[in-house]
Structure formats: C-alpha cells, structure tokens
Amino acid sequence: MEFRVEIKAFFDPTTHTVSYVVSDPSKRECAIIDPVLDYDPRSGRTATHCAAQIIEHVRTFKLVPRWILETHVHADHITAAQYMRQVLGGAVAIGSRVTDVQRSFTKVFNSAPDVPSDGSQFDHLFTDEELFFIGEVPARALSTPGHTPACMTYVIGDAAFVGDTLLMPDAGTARTDFLGGSASILFHSIQKILSLPPPTRIFVGHDYGTPERTAFAWESTVGEQRRSNIHLKNGTDEAAFVRMRTGRDATLEVPNLMLPAVQVNIRAGRLPSPESNGVHYLKIPVNVI
C-alpha cells in the first residue's frame with residue numbers, strides 16, 4: 001500500500017534552505033525537517049522568523065510533531081531544532097554517524113569538553129534502514145553519506161527528503177569537500193536514492209536557481225533525477241563523477257555561515273555553554289579552515 005503524505009515546504013531566501021512539514025493526513029501527526037534559525041552574522045543575533053512560519057502551519061492544521069529530523073549537520077544555516085522542540089514538542093533526530101562529524105569539528109573548535117562526541121545532544125540517532133512511523137505512514141532512514149558522514153535520506157510514504165545529497169536535476173549534486181566528505185561515497189549514496197521507485201517524489205534541501213531557471217524549485221522525482229540530473233545522466237560512471245565533483249568543489253567558497261552554524265548544529269541546535277558573564281560565544285578559528 002502506498003501512503004501519499006502531505007508536504008508543506010518553507011523556503012528561506014537568505015540561506016536558500018527548504019524546510020518541510022510532512023504529515024499523515026488521517027492521523028494529523030507530522031515531522032519537521034531541517035528547520036532554520038535566523039542568524040545575522042554582522043550582529044551575532046538570532047531570530048525565529050523562519051521557525052514562526054512552520055509553527056503557524058502546525059498550529060493552524062492542528063498537527064502533532066513526532067519528529068524533528070535533521071538530514072545532516074548543516075554548514076549553511078543554524079538549525080531551529082531545539083526551538084521547535086521547546087515550542088511544539090517532538091524528538092530531535094539525525095543519523096548515527098553524527099559522532100564522526102562531532103569528533104572532526106570539536107578538534108577544529110577545541111570544544112571537546114562542551115561537546116561529547118557521542119550524539120547524546122540528540123534525542124534519537126537513526127541507523128541505516130531503520131524504520132519509524134509518522135502517524136500510520138511508514139518511514140525509513142537511509143544513510144547517504146558523501147556530502148558529510150552523517151547525511152540521511154528520509155523516505156516517508158511516497159516521498160524522499162534527501163537534504164543536500166541531490167539538488168534539482170538542473171543543478172546537480174552536493175559538494176564533497178567538507179571534513180569527512182567523499183565524492184566516491186557520494187556517488188554510491190546517490191545510486192541508493194535512485195534505486196527507489198521512479199515515481200518517488202524527491203525533495204531537496206536547497207535551491208539556488210540556475211542561469212536558465214530563476215524560479216526556485218525543490219521537488220522532482222526519482223525518474224526525473226535518473227533521466228536528467230546534470231552530474232549523473234547518461235550513465236555517468238563513478239570515475240567520471242569523482243573527477244567532475246572534485247574539480248568543481250575546488251572552485252567553491254566556504255559557506256557564509258559555516259563556522260557559526262556547525263558549532264551550533266553539532267550540539268543539536270543548542271548554543272555553546274554561556275561563559276561567566278552569562279553570554280554565549282561562537283568561536284572563529286583563524287587559519288584553520
């Protein structure tokens with residue numbers, strides 16, 4: 001039996017992130033995927049404008065959040081997972097290999113005492129192929145590393161939420177030059193996603209448009225990705241993909257919010273512990289990244 005879930009997308013034009021509310025239309029239970037906390041790098045101030053839109057939607061339709069799902073440790077925005085949990089409830093979850101990401105970045109930020117690298121900051125760590133439910137809708141967590149070690153794809157009913165692993169077909173695939181990234185591993189993760197049934201709806205974590213397409217978009221299908229993803233179409237083999245991906249990654253700049261975002265996101269959306277004056281501080285490592 002195929003379960004068609006209801007999906008509401010929320011696009012943040014500042015970070016080009018797409019967050020989702022996925023619900024079982026019969027039971028009114030839902031999952032919130034990759035919520036965004038507003039952050040102004042010039043002032044260091046946070047806000048909850050993006051989160052407020054999601055909260056309004058959940059309350060308007062009387063949904064009950066069971067999960068707040070992170071597709072990975074984001075480098076382009078700060079997660080609003082903890083804020084969502086406080087306001088709406090739900091368990092904050094991510095892939096079990098978040099521990100690898102924590103180990104790597106606690107070294108970068110010298111934050112090991114404040115960030116145990118055991119994933120305990122999250123309510124649940126998904127293993128590959130783990131099954132769960134949203135209402136009566138069956139869901140499956142697929143480990144799809146390559147962009148980061150902890151990347152997960154959540155297959156919920158007839159839809160797959162791929163985070164950064166895939167972009168829209170005319171935009172290609174995720175970068176692989178972050179700590180723990182691998183173009184070869186990404187290639188095999190994408191094959192895993194593309195092995196899903198062709199009608200499966202694919203929802204991406206970001207869209208930046210293209211020179212030919214100025215309207216933002218975030219939904220495709222497995223069939224469309226197989227036929228026309230610019231990085232993988234025409235039976236592109238692993239060696240060709242790795243050459244393309246590593247060459248392209250060498251030209252990309254560090255994401256604007258990477259340093260503040262990763263520090264918060266490895267803590268499941270919590271700020272670093274306040275110092276003696278009660279203020280939270282984010283570190284900027286010099287000449288490291």
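Everything quoted here is computed from the prediction, not taken from an experiment.
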Discussion item. According to side-chain contact (heavy atoms from CB on, under 4.5 Å), who are the partners of Glu238, at least two apart in sequence or on a separate chain?
Written reply: Ser184, Phe187, His188, Val242
Worksheet item: Can you list every pair that meets salt bridge (charged side-chain N to carboxylate O under 4.0 Å, His left out) and has a residue in residues 90-108, with sequence neighbours left out?
Response: Arg97-Asp100, Asp100-Arg103
Discussion item. Please determine whether residues Met168 and Leu194 belong to a single hydrophobic cluster, defined as Ile, Leu, Val, Met, Phe, Trp and Tyr linked transitively by side-chain heavy-atom distances below 4.5 Å.
Written reply: yes
Item to complete: Tell me, with the steps shown, if Asn229 and Ile190 meet side chain to side chain contact (heavy atoms under 4.5 Å, CB included).
Response: CA-CA 11 Å; Asn229 187 290; Ile190 292 171; over 6 Å; no
Worksheet entry | Donor-acceptor contact present, side-chain Glu129 to main-chain Ser143, <3.5 Å | no
Item to complete: Identify, with sequence neighbours excluded, every residue that meets side-chain contact (heavy atoms from CB on, under 4.5 Å) alongside Ser189.
Response: Thr144, Pro145, Ile185
Worksheet item: For the atom pair CE (Met152) and CG (Leu125), what is the distance rounded to the nearest 0.5 Å?
Response: 9.5 Å
Discussion item. With a 4.0 Å cut-off on N to O distance, would you call Arg66 and Asp24 a salt bridge?
Written reply: no
Practice prompt. Give the cluster check for Leu37 versus Ile55: same hydrophobic cluster or not, with ILVMFWY residues linked at side-chain heavy-atom distances below 4.5 Å.
Written response: no
Worksheet item: Hey, is the main chain of Thr173 close enough, under 3.5 Å, to the side chain of His231 for a donor-acceptor pair?
Response: yes
Worksheet item: Are side-chain heavy atoms of Tyr39 and Pro260 found at a separation under 4.5 Å?
Response: yes
Worksheet item: With sequence neighbours excluded, what pairs up with Lys27 under the salt bridge (Lys or Arg N to Asp or Glu O under 4.0 Å) test?
Response: Glu136
Fill in: Residue among Pro35, Cys50, Ser19 satisfying side chain to side chain contact (heavy atoms under 4.5 Å, CB included) with Asp12
Cys50
Discussion item. I need the full list of salt bridge (charged side-chain N to carboxylate O under 4.0 Å, His left out) pairs touching residues 41-65, with sequence neighbours left out, sorted by first then second residue.
Written reply: Asp40-Arg42
Practice prompt. Could you pull out all residues at least two apart from Phe178 that satisfy ring pair (Phe, Tyr, Trp, His ring centres under 6.0 Å)?
Written response: His147
Item to complete: Starting at OG1 of Thr148, measure out to CD1 of Ile94 and round the result to the nearest 0.5 Å.
Response: 7.5 Å
Discussion item. So does Val5 get a backbone contact from the side chain of Asp158, meaning a donor-acceptor N/O pair under 3.5 Å?
Written reply: yes
Worksheet item: Got Asn265 and Val262 here, is their nearest side-chain heavy-atom distance under 4.5 Å?
Response: no
Discussion item. Going by salt bridge (Lys or Arg N to Asp or Glu O under 4.0 Å), name the residues that satisfy it together with Arg28, two or more places apart in sequence or in a different chain.
Written reply: Glu6
Discussion item. Could you check whether any side-chain heavy atom of Thr221 comes within less than 4.5 Å of a side-chain heavy atom of Ile202, counting everything from C-beta outward?
Written reply: no
Fill in: salt bridge (charged side-chain N to carboxylate O under 4.0 Å, His left out) partners of residues 215-229, not counting sequence neighbours, each pair once
none
Fill in: Partner of Val36 by side chain to side chain contact (heavy atoms under 4.5 Å, CB included), out of His77, His49, His74
His77
Worksheet item: Checking His16 side chain against Asp207 main chain: does a donor-acceptor pair fall under 3.5 Å?
Response: yes
Fill in: Min side-chain heavy-atom separation Val204-Val162 under 4.5 Å
yes
Worksheet item: How far does CG of Asp38 sit from OG1 of Thr46, to the nearest 0.5 angstrom?
Response: 8.5 Å
Discussion item. Does atom CG (Asp118) have a neighbourhood of more than 12 heavy atoms from anything else shown, all under 6.0 Å?
Written reply: yes
Discussion item. Restricting to side-chain contact (heavy atoms from CB on, under 4.5 Å), what partner residues turn up for Ala51, sequence neighbours left out?
Written reply: Thr48, Ala80, Tyr83, Met84
Discussion item. Run Phe132 and His124 through ring pair (Phe, Tyr, Trp, His ring centres under 6.0 Å) and show every step you take.
Written reply: CA-CA 11 Å; Phe132 62 107; His124 186 80; 8.1 Å; no
Worksheet item: Will you find, in the side chains of Ser111 and Gln263, an N or O donor that is under 3.5 Å from an N or O acceptor?
Response: no
Worksheet item: Taking a hydrophobic cluster as the set of Ile, Leu, Val, Met, Phe, Trp and Tyr residues connected by side-chain heavy atoms closer than 4.5 Å, whether directly or through intermediates, do Leu88 and Ile156 fall within one such cluster?
Response: no
Worksheet item: Could you give the distance from CD1 (Ile193) to CG (Leu232), rounded to the nearest 0.5 Å?
Response: 10.0 Å
Worksheet entry | Separation between CZ of Arg270 and CZ of Phe122, rounded to the nearest 0.5 Å | 8.5 Å
Under 3.5 Å, which donor-acceptor pairs link side chains of residues 282-289 to any protein atom two or more places apart or in another chain?
| unit_1 | atom_1 | unit_2 | atom_2 | d |
| --- | --- | --- | --- | --- |
| Lys283 | NZ | Phe109 | O | 3.0 |
| Lys283 | NZ | Asn110 | O | 3.3 |

Worksheet item: Is Ile78 reachable from Val73 through a run of I, L, V, M, F, W or Y residues, each pair having side-chain heavy atoms under 4.5 Å apart?
Response: no
Worksheet item: With sequence neighbours left out, which residue pairs that include part of residues 175-197 fulfil the salt bridge (charged side-chain N to carboxylate O under 4.0 Å, His left out) condition?
Response: Asp128-Lys192, Arg175-Asp177
Discussion item. Parallel, tilted or perpendicular: which one describes the rings of Trp218 and Phe11, with boundaries at 30° and 60°?
Written reply: parallel
Worksheet item: Which distance, rounded to the nearest 0.5 Å, do you find between the CD1 of Ile54 and the CD1 of Ile32?
Response: 6.0 Å
Worksheet item: Which of these, Tyr154, Phe161, Phe126, Phe133, sits in a ring pair (Phe, Tyr, Trp, His ring centres under 6.0 Å) with Trp67?
Response: Phe126
Worksheet item: Checking Gln121 side chain against Arg267 main chain: does a donor-acceptor pair fall under 3.5 Å?
Response: no
Fill in: Any Phe61 side-chain heavy atom under 4.5 Å of Val21 side chain
no
Discussion item. Asp123: which residues meet the side-chain contact (heavy atoms from CB on, under 4.5 Å) condition with it, sequence neighbours left out?
Written reply: Arg85, Ala91, Val92
